[in-house]
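One structure below.
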2 protein chains.
Amino acid sequence: MQEPTLLLLTALADEPRHGYALMREVAEISDGRVRLRTGTLYGALERLQREGMVRVEREEVVDGRARKVYALAEPGVTALAEETARLRALAVEAERRLALRPGFRGATA
Amino acid sequence: MQEPTLLLLTALADEPRHGYALMREVAEISDGRVRLRTGTLYGALERLQREGMVRVEREEVVDGRARKVYALAEPGVTALAEETARLRALAVEAERRLALRPGFRGATA
DNA sequence: CGCCATATGCCGGTCGCCGATATATGTGAG
DNA sequence: CTCACATATATCGGCGACCGGCATATGGCG
């Protein structure tokens, strides 16, 4: 799983959101580092629906603009939980190895 | 940065290793989940050298077999440290959000 | 002698992501 | 009133990392 996808699932983890809100949320989570393009966003959303990770919870019209509100499906919750656990373990291992290097000054500050 | 690349840099983080040893190391780090293909390995190694992350430390011949021993260059150390810090923060955030879900049972066990 | 582990390398295909483009409405500036 | 901008969704071509398969070569074991 790549980072944009991981960010997307994370942005959906606490509550359902529509596409455009997801773009803003992902930017915020990543401190502005990752700006999802619409091509990536809607492409990923479609793929994640095919894979059963995400579902459309409802469609609404707000101020004359159509919205699709996406939500994490159960497989998505499980996948996200497993992925983050895996990644956290990997990060810890990488940092352990880096600390083994002679003269290493942590970049974590 | 994708996971195979991250795993590769992690495998090089503590000490220099040659290609085949990297395949074994990556498999071990990932608990056997990720088996680097030679195409991925040598392709990534070449790319990472172009990017200045990795360098060939030395070439040796052991038991009649030629080896190239790869090492992390300084930019690789920095990149790995930053990437892991970023990923760890993201994992923490994802887990925080997951914990907010009603009735969530941690998959971290 | 054949098989497996060691060891490196290339090549075609797939797939996720990027960049650009299109479409449409509401809001605020000029 | 009009133009620009934020909101909102969607499609398309292309690129690049990774995968799977193949090729090549040596040393050790049965």
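We name chains A, B, ... by the order of the sequence lines, and we start the count at 1 in each one.
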Indicate, with a heavy-atom threshold strictly under 4.0 Å, whether A/Gly19 touches base, sugar-phosphate, or nothing.
sugar-phosphate
Rounded to the Å, how far apart are A/Arg37 CZ and C/dG19 P?
4 Å
Quick note, A/Thr38 side chain, CB onward, closest among D/dC22, C/dG19, C/dT21 is C/dT21
Nearest-nucleotide 5' precedence on DNA chain C, B/Tyr20 against A/Leu6
B/Tyr20
When you get a sec, tell me which of C/dA7, C/dC10, D/dA10 is the closest nucleotide to the side chain of B/His18?
C/dA7
Can you check the A/Leu41 CG to C/dA22 P distance for me, whole Å?
20 Å
Ionic contact status for B/Glu57 with B/Arg55, cut-off 4.0 Å:
yes
Report the distance from atom CG of A/Leu36 to atom P of C/dG16, rounded to the nearest whole Å.
14 Å
If you look at every strand shown and take non-hydrogen atoms under 4.0 Å, does A/Arg35 touch a base, only sugar-phosphate, or nothing?
nothing
Quick check on C/dC17: is either OP1 or OP2 less than 4.0 Å from any side-chain nitrogen or oxygen of A/Arg47?
yes
State the CD-CE distance between B/Glu82 and B/Met1, to the nearest 0.5 angstrom.
9.0 Å
Any idea which of C/dC17, D/dA10, D/dG27 is nearest the A/Gln2 side chain?
C/dC17
Any ion pair linking A/Glu3 and A/Arg33 (charged N to carboxylate O, less than 4.0 Å)?
no
Picking from C/dG19, D/dA8, D/dC19, the nucleotide nearest the side-chain atoms of B/Pro4 would be D/dC19
Salt bridge B/Glu93-B/Arg97, side-chain N to carboxylate O under 4.0 Å:
yes
In whole angstroms, the gap separating C1' of C/dC17 from CZ of A/Arg33 amounts to 18 Å
Nearest nucleotide by nearest heavy atom, which residue falls closer to the 5' end of DNA chain C, A/Arg50 or A/Val62?
A/Arg50
With sugar-phosphate meaning primed atoms plus P, OP1 and OP2, does B/Ala66 contact a base, only sugar-phosphate, or nothing at under 4.0 Å between heavy atoms?
sugar-phosphate
Whole angstroms only, please: what is the CD-P distance between B/Glu46 and D/dG16?
14 Å
Under 4.0 Å, counting only non-hydrogen atoms across every strand here, what does A/Arg67 touch: a base, just sugar-phosphate, or nothing?
sugar-phosphate
Return the minimal non-hydrogen interatomic distance between B/Leu8 and B/Ala44, and the atom names on each side.
CD1-CB, 3.7 Å
